[in-house]
Amino acid sequence: THTIGLIYIKNCQKSPSAILKNRCGSVRYYNFLNGLGKYTSLKHDPSVFTGGLDRTDFSDGVYVLHHTNCFSSIVFHVTTMMPNNPNDPNSKKRHIGNDYVNIVYSNSTHCCFPTKGSYNLNLFPGEFNFVHIAIFPLDDGYNLVRVYTKDFIPCFGPLATNKDHIISDRSLPVLVRLTCLHADFI
């Protein structure tokens, strides 16, 4: 079983606290989520591995996004699916901070990052955040994707590290999911 963090950045967001407060995303973001896996009620399906998401009081949301096949099971800790807790602003961070791999879907333009496609690996520091797969939607149904890793992480695929990849919306969920799986095995 694998747990993967998934973070959505709105246009011109810079601070981790603002980013983690996001409760919704763009249409393309939701299409990407729908391609990654399926949604299952946290409370009503006890057979589904939740990756530490709370099943009892909906403190981590109502649904879990997961992908399961005969070889693996992946739970995505999707920050936009988790409620904001004013009493515990770090409630979302406790999940993504413990994931080895995080997907960052960024609608942010150059006003937040030095260049389109750049990403600060330390934006969400955590003891276990070794790989970040940054997705930047482009025009005409394509995305710029770049895999960022800590220095000690060896190469893996299918998406190569520290290289720009232009990927269609249609192919994006499968390639990103496979890359997450390979990265999480390291």
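- Under the salt bridge (charged side-chain N to carboxylate O under 4.0 Å, His left out) criterion, Asp60 pairs with Arg94, sequence neighbours left out.
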Practice item. Would you sort out whether Gln13 and Asn11 count as a side-chain contact (heavy atoms from CB on, under 4.5 Å), showing the intermediate values? Key: CA-CA 6 Å; Gln13 284 186 314; Asn11 192 24; over 6 Å; no
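- Considering Asn85, Asn84, Thr80, Asn22 as possible partners of Lys92, the one that fulfils the side chain to side chain donor-acceptor pair (under 3.5 Å) test is Asn84.
- A donor-acceptor distance shorter than 3.5 angstrom exists from the side chain of Arg177 to the backbone of Gly35, with no hydrogens or angles considered.
- In summary, the aromatic rings of Phe130 and Phe152 are positioned with their centroids under 6.0 Å apart.
- Closest non-hydrogen pair, Gly61 versus Pro83, comes out as N-CD, 3.3 Å.
- Between Val176 and Leu178, every side-chain heavy-atom pair lies at or beyond the 4.5 Å cut-off.
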Point to revise | Trace of the side-chain contact (heavy atoms from CB on, under 4.5 Å) decision for His165 with Leu159 | key: CA-CA 8 Å; His165 304 275; Leu159 297 176; 4.0 Å; yes
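- Judged as a ring pair (Phe, Tyr, Trp, His ring centres under 6.0 Å), the pairs with a partner in residues 59-98 (not counting sequence neighbours) are, in order, His77-His95.
- Leu33 has its side chain within reach of Val78: a pair of non-hydrogen atoms, C-beta onward, lies under 4.5 Å apart.
- How far NZ of Lys14 is from CD1 of Ile19: 11.0 Å, rounded to the nearest 0.5 Å.
- Taking a 4.5 Å side-chain heavy-atom cut-off between Ile, Leu, Val, Met, Phe, Trp and Tyr, the cluster of Val48 extends to Leu42, Phe49, Leu53, Val64, Val75, Met82.
- Checked against salt bridge (charged side-chain N to carboxylate O under 4.0 Å, His left out), Asp169 has the following partners two or more places apart in sequence or in another chain: Arg28.
- Counting only heavy atoms from C-beta outward, the side chains of Val104 and Ile133 never approach each other to under 4.5 Å.
- When every heavy atom of Tyr30 is checked against every heavy atom of Cys24, the shortest pair comes out as OH-CA, 3.1 Å.
- Summarising the geometry of Ser106 relative to Pro137, their closest heavy-atom pair is O-CD, 3.1 Å, with the distance given to 0.1 Å.
- Rounded to the nearest 0.5 angstrom, Leu6 CG and Leu65 CG are separated by 7.5 Å.
- Residue pairs meeting the ring pair (Phe, Tyr, Trp, His ring centres under 6.0 Å) criterion with at least one partner in residues 166-186, sequence neighbours excluded, are His2-Phe185.
- Every residue was checked against the side chain to side chain donor-acceptor pair (under 3.5 Å) condition with Thr1, not counting sequence neighbours, and none meets it.
- A distance-only check finds a donor-acceptor pair linking the side chain of Asn143 to the backbone of Ile167 [under 3.5 Å].
- Taken from OH in Tyr100 to CD1 in Ile153, the straight-line distance is 9.5 Å, to the nearest 0.5 Å.
- The closest donor-acceptor contact from the side chain of Asp99 to the backbone of Asn102 lies at 3.5 Å or more, if one exists at all.
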Exercise for review: Before giving the answer on side-chain contact (heavy atoms from CB on, under 4.5 Å), spell out for Asn34 and Phe32 the whole-Å C-alpha distance, their side-chain angles and the decisive distance to 0.1 Å.
Suggested key: CA-CA 5 Å; Asn34 291 334; Phe32 171 67; over 6 Å; no
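- Note: the hydrophobic cluster containing Val174 does not contain Val131 (ILVMFWY, side chain heavy atoms under 4.5 Å, direct or indirect links).
- Between atom CG of residue Asp164 and atom CZ of residue Phe136 there is a gap of 9.5 Å, rounded to the nearest 0.5 Å.
- In this structure, a donor-acceptor pair under 3.5 Å is present between the side chains of Ser59 and Asp54.
- Distance check, rounded to the nearest 0.5 Å: CG of Asn129 to CD1 of Ile96 gives 7.0 Å.
- Atom CG of Leu175 is separated from atom CD1 of Ile135 by 10.5 Å, given to the nearest 0.5 angstrom.
- At a threshold of 4.5 Å between non-hydrogen side-chain atoms, the residues Val147 and Asn162 do not count as touching.
- Ile74 places none of its side-chain heavy atoms less than 4.5 Å from the side chain of Cys180.
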Practice item. Carefully, step by step, assess Ile103 and Ile7 under the rule side-chain contact (heavy atoms from CB on, under 4.5 Å). Key: CA-CA 6 Å; Ile103 301 166; Ile7 303 156; over 6 Å; no
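- Using cut-offs of 30° and 60° for the angle between ring planes, the Tyr8 and Tyr29 rings count as tilted.
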